[in-house]
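In what follows, a structure is listed as structure tokens, so that the remarks can point back to it.
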There are 4 protein chains.
Amino acid sequence: MIEVAVFGAGRIGTIHAGNLVKAPGVRLTCVADPDAGAAQALASRLGAQVATAPQIFLDDKIQAVLICSSTDTHADLILAAAAAGKQIFCEKPVDLEVARARQCAAAVEQAGVACMIGFQRRFDPTFAALKARLGAGEIGVPEMLVVTSRDPGAPPVPYIRSSGGIFRDMLIHDFDIFRWILEDEAETVHASASCLTDPAIAEAGDADSTAVTIRTRKGRLCQINTSRRAAYGYDQRFEVLGSRGMLQAGNHAPTEVVASTAACVSRDLPEHFFLERYRAAYAAEMAHFFAVLAGTETLRTTLDDGLKALELAAAATTSWREGRVVRMP
Amino acid sequence: MIEVAVFGAGRIGTIHAGNLVKAPGVRLTCVADPDAGAAQALASRLGAQVATAPQIFLDDKIQAVLICSSTDTHADLILAAAAAGKQIFCEKPVDLEVARARQCAAAVEQAGVACMIGFQRRFDPTFAALKARLGAGEIGVPEMLVVTSRDPGAPPVPYIRSSGGIFRDMLIHDFDIFRWILEDEAETVHASASCLTDPAIAEAGDADSTAVTIRTRKGRLCQINTSRRAAYGYDQRFEVLGSRGMLQAGNHAPTEVVASTAACVSRDLPEHFFLERYRAAYAAEMAHFFAVLAGTETLRTTLDDGLKALELAAAATTSWREGRVVRMP
Amino acid sequence: MIEVAVFGAGRIGTIHAGNLVKAPGVRLTCVADPDAGAAQALASRLGAQVATAPQIFLDDKIQAVLICSSTDTHADLILAAAAAGKQIFCEKPVDLEVARARQCAAAVEQAGVACMIGFQRRFDPTFAALKARLGAGEIGVPEMLVVTSRDPGAPPVPYIRSSGGIFRDMLIHDFDIFRWILEDEAETVHASASCLTDPAIAEAGDADSTAVTIRTRKGRLCQINTSRRAAYGYDQRFEVLGSRGMLQAGNHAPTEVVASTAACVSRDLPEHFFLERYRAAYAAEMAHFFAVLAGTETLRTTLDDGLKALELAAAATTSWREGRVVRMP
Amino acid sequence: MIEVAVFGAGRIGTIHAGNLVKAPGVRLTCVADPDAGAAQALASRLGAQVATAPQIFLDDKIQAVLICSSTDTHADLILAAAAAGKQIFCEKPVDLEVARARQCAAAVEQAGVACMIGFQRRFDPTFAALKARLGAGEIGVPEMLVVTSRDPGAPPVPYIRSSGGIFRDMLIHDFDIFRWILEDEAETVHASASCLTDPAIAEAGDADSTAVTIRTRKGRLCQINTSRRAAYGYDQRFEVLGSRGMLQAGNHAPTEVVASTAACVSRDLPEHFFLERYRAAYAAEMAHFFAVLAGTETLRTTLDDGLKALELAAAATTSWREGRVVRMP
């Protein structure tokens, strides 16, 4: 039996905790959260105890920790968990600063523990199937990737203000998709951005609409377009052009009803937001983490993936702010 | 806490048992099956006991039974369960004989217990959404219903031989869809059928391909086409033409990947068979049954629905065998 | 240069005349119509003369006639044209009476002239492609055919009253599709029908909604569902289930625009009615007729096809009126 | 009757000539081409005369010229036609050099003649419908445009060598789409490109795959992705995200057949290349040109549009070659 502690009893911590208790041979032992009520509620519901971070790191029975707390706590918790020899699952991003993320990477490597970063999109049934078919050579060698990533609406401005900016907060997932799909590293990054949906976002120093182009070392091209607002809901698509064809990953809809009226032929909107769209992905990613700990699978999203995505986010931010193309080291 | 016993530890019994243990306030207490090993395996996995039918019916703590055993046991178990005052969930069909199903209906009514029949399609997200939108008047008054219902492949011939024939075994679901969607009763039934996929099915006295037309009391028309074999998998669609438009329910696909190659633009096949397609429906139907017992919902598929579908199956069988239109009483 | 006369300067005559003048080596010489103004207008626009039927039949330079006049004149004109040795293109139906159509068939055969019946759907790009792929064995042996055929709205009641009834007037095309696609003849026909869209149609002795089932000599099954009214426009689809898969022919839309709003994801309605949907088919059918006359193609829709479709329409009418299955001779 | 001369009897000249003879009140009088045989063939087929450029410009009866000759002749012919007071239709691009195109613009303005540039995509039924719906406010204010533009295969390398490069030769259409859809001008342009399909293209100094980002004066974002090779055929799509939704323009397919087999559910490839996809657009654009000359419509694609698209192509080329963001004047 693997005993697990969860840091963070908020929305994503609750999802992961709910999924981990379904993994065979896994037990949720402790929940930690600055909000004592939230911690207690989650712990009670799943038969766990409330604990503090020090208690968790000192408890030798606890083998693994899920870091689902606020972004500014990720690095400290990774460092402490690595020092305590715990296996680590950490939500994205590792940190807002590249240097700090590198420090985490070093610590994790030295400790010899697993550190999985929560890029759940890799576990989405549609995205994973596309990746597998691409890998099987169905469309030959990949040449271009176009990623569309739009939220149904922007988060509150205070959140945006401390988010590290749209490239670190939102496109971090798209940068990971880029690396995962093209299996290549960026040579140059160009980012353009605007604030089109809410002037308060501009006042907070951020943008809500972005257009990024990455050219890889092998000369492959990737374009990412992102918006904080799509009136029709969560839009998560990408397409890969290869030497022998194209693979496209589309949105998921709640139902397959088609209505034909005097006005039009219509279908459902996409699933509303990430909790709906990535429900299966969250479950699959947690199952994967424990399969890795059980030795039956090897880690598919590492801290290094988190670091590389963060480097791209930092480069895109620079490109946007300075109006120039950024060359990756 | 509602204690429940399950009759039948086969494929469908295992699905229902797995879903019932997720319902709040519900506990699986006993499993009964002539195959002791199967019963023990299911019971062990879900923390229940193996028991015999008499033990179950005599156990006052057991409030509800799920009848998931072979069709020829349904009526006996319904009668015994009703006599014992148990709440009943029974897989379709109630019985192969209309008279026997009527006897069950009378017993259930007299006992005042709930008896839900497992027409899980009513709980499919796509079908249920279509029904709700139809009920909301989106396409006006329904006029025509076209049901397509095809299995990926035929069951073994011995199964077919004791199945009561394709109309009772396979179309029973489609007859229920007809009544549920059009909210009207059949006035005339015409059925044509052929054996086109395997001569052994004809030798067993059955058909594998059918074409049924029902005209309702209100003059609405319904056509059902069915095959035991679709090379592309499980095909479960229907469409309703109304005075102001059409609603279509399509198949579900495992992923939303689209591939474009030099050959064609292609998508996934539909989900392979009923276990995949109706996974969500089975879960929703079980949740509904216990919500009914908890008093928060009212029964949506009754024994009377099972009886009416069976009457249509019997009429269709007669129509096919005698080559004539059958008028319903 | 083939000189051609057109009988009927109405909607369909105008379409055919417009297409024939594009055929190489073909000239429109004469137009005949009881409505002298209509005849003159069409003739003037296309550089032809107005003429009477006798003038046309006596004019040896005219090699071919297009019969696009009202249904009750078809048989007389076919007989006269055959007697005069003209090549014939005639709009469907040959006649409302089977006996009369047979008389035409005999006359045409004796005269040794071509007589093409205007089943333009066979020339629709989508339908023709499906037929070719079926013939190439893409889905193995055909087993079931489901035809959906709905008009955007009913014609005026006076038209309906003299139309021969919905089976002769509207389903004649669907009966031809059935024979063309399954390449088999009907053994039994069952038709059910209702009047659901306008009571005046019932008062005129007709139905507006039909459900037909045909079982072929080889045991194949065909279902046809038809309505005089679809709020969303002209609905012309069919699908064939074969031993190795399914081919579906869908509607054509004017554009490929998809709109996603807060309400839904929507597409264009189908092309509004037959003039839009079958524009390409009408052109292709006329080109085919003159290619036959030029000896480069062989006739793809014969008077016998018209006769067979009419026999099915008559059988369906009987089935509906007498509430029984009709066995074809 | 408007008399028209056509320069260029190649592929596109033949298409335009074929369409112009269908316009009411328009007559093709002369055809000019350095290839005398080609000129004669086209002239004969359409009842016109072969002529030289001087003859055409001196012939006062000729009111309009279509310039469909090779790109390097466009500017000279525009200047001569303007000087002769002819109405002008000219294929894209105006010229490969911005300065020369500006000279043409000045000459045309001074002469007071119409000069339509052949951006036929604006006349494509799908694109035009999207534009109209966008203009009607269906998705609010446009924010982002994503253009996908891929050819089935690259032209011969000698053609590429004299083409002015992929941005001038191929993306010129996409730059026009950008301006037409967003109704805004570029503030910055960034282009990245690679040679991924054929090393001979790189040796010719060109790229075959591009990724362009444009930020407009209003802060709107546009991304264009282009390839000289798509194994699945001609891929011409774009989508606009607006404040209240999204409009997408998809590819056209030859038929609406859907095949479901044991392998997949498949549809037709897109129409193969521009001659098929833009057949309707070419016809509509020619009808528009003569409607403008007849005074019933106002010019929808002007020489200024051609100039602006060329400026963008030049900026993109610079951006690519110098690896920097280019700011438009």
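All values below come from the heavy atoms of this structure, side chains included, with hydrogens, waters and symmetry mates left out. Chain letters run A, B, ... following the sequence lines, proteins first and then strands; every chain starts at 1.
- Proximity of a side-chain donor or acceptor of C/Arg324 to a complementary backbone N or O of B/Arg324 within less than 3.5 Å is not detected.
- Contact of B/Thr216 with chain C is not made at all, since no heavy-atom distance falls under 4.5 Å.
- Taking NE2 of B/His190 as the reference point, atom OG of C/Ser192 lies at 10.0 Å (rounded to 0.5 Å).
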Test side chain to side chain contact (heavy atoms under 4.5 Å, CB included) on B/Leu196 and C/Lys218 and set out the steps. CA-CA 9 Å; B/Leu196 297 169; C/Lys218 292 177 184 159; over 6 Å; no

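- With C/Glu143 contributing its side chain and B/Thr197 its backbone, the two residues share no donor-acceptor pair below 3.5 Å.
- Proximity to chain C is limited to the backbone of B/Val212, based on heavy atoms less than 4.5 angstrom apart.
- Nearest heavy atom pair, residue C/Gly245 against residue B/Ala231, reads N-CB, 3.7 Å.
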Evaluation steps, side chain to side chain contact (heavy atoms under 4.5 Å, CB included), between B/Tyr232 and C/Leu241: CA-CA 10 Å; B/Tyr232 53 93; C/Leu241 176 68; 3.8 Å; yes

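- Within the 4.5 angstrom heavy-atom criterion, no atom of B/Leu269 approaches chain C.
- At a threshold of 4.0 Å, the pair C/Glu239-B/Arg150 counts as salt-bridged, since one of the basic side-chain nitrogens sits closer than that to a carboxylate oxygen.
- Proximity to chain C is limited to the side chain of B/Thr148, based on heavy atoms less than 4.5 angstrom apart.
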Kindly indicate, with the supporting measurements, whether the criterion side chain to side chain contact (heavy atoms under 4.5 Å, CB included) is fulfilled by C/Met144 and B/Thr226. CA-CA 9 Å; C/Met144 304 188 72; B/Thr226 322; over 6 Å; no

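- Taking chain C as the reference chain and counting heavy-atom pairs below 4.5 Å, the highest number among B/Arg327, B/Arg229, B/Arg220, B/Arg244 is found for B/Arg229.
- For B/Arg133, the CZ atom counts as densely surrounded, since its 6.0 Å shell holds more than 12 non-hydrogen atoms of other residues, nucleotides or ligands.
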Evaluate side chain to side chain contact (heavy atoms under 4.5 Å, CB included) for B/Ser194 paired with C/Leu221, printing each intermediate quantity in order. CA-CA 8 Å; B/Ser194 286; C/Leu221 301 171; 4.0 Å; yes

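- In this structure, the side chains of B/Thr213 and C/Gln223 come closer than 4.5 Å at one or more pairs of heavy atoms.
- When heavy atoms are compared at a cutoff of 4.5 Å, C/Ile224 approaches chain B solely by way of its backbone atoms N, CA, C and O.
- The most heavy-atom pairs under 4.5 Å with chain C, out of B/Ser243, B/Ala230, B/Ser209, come from B/Ser243.
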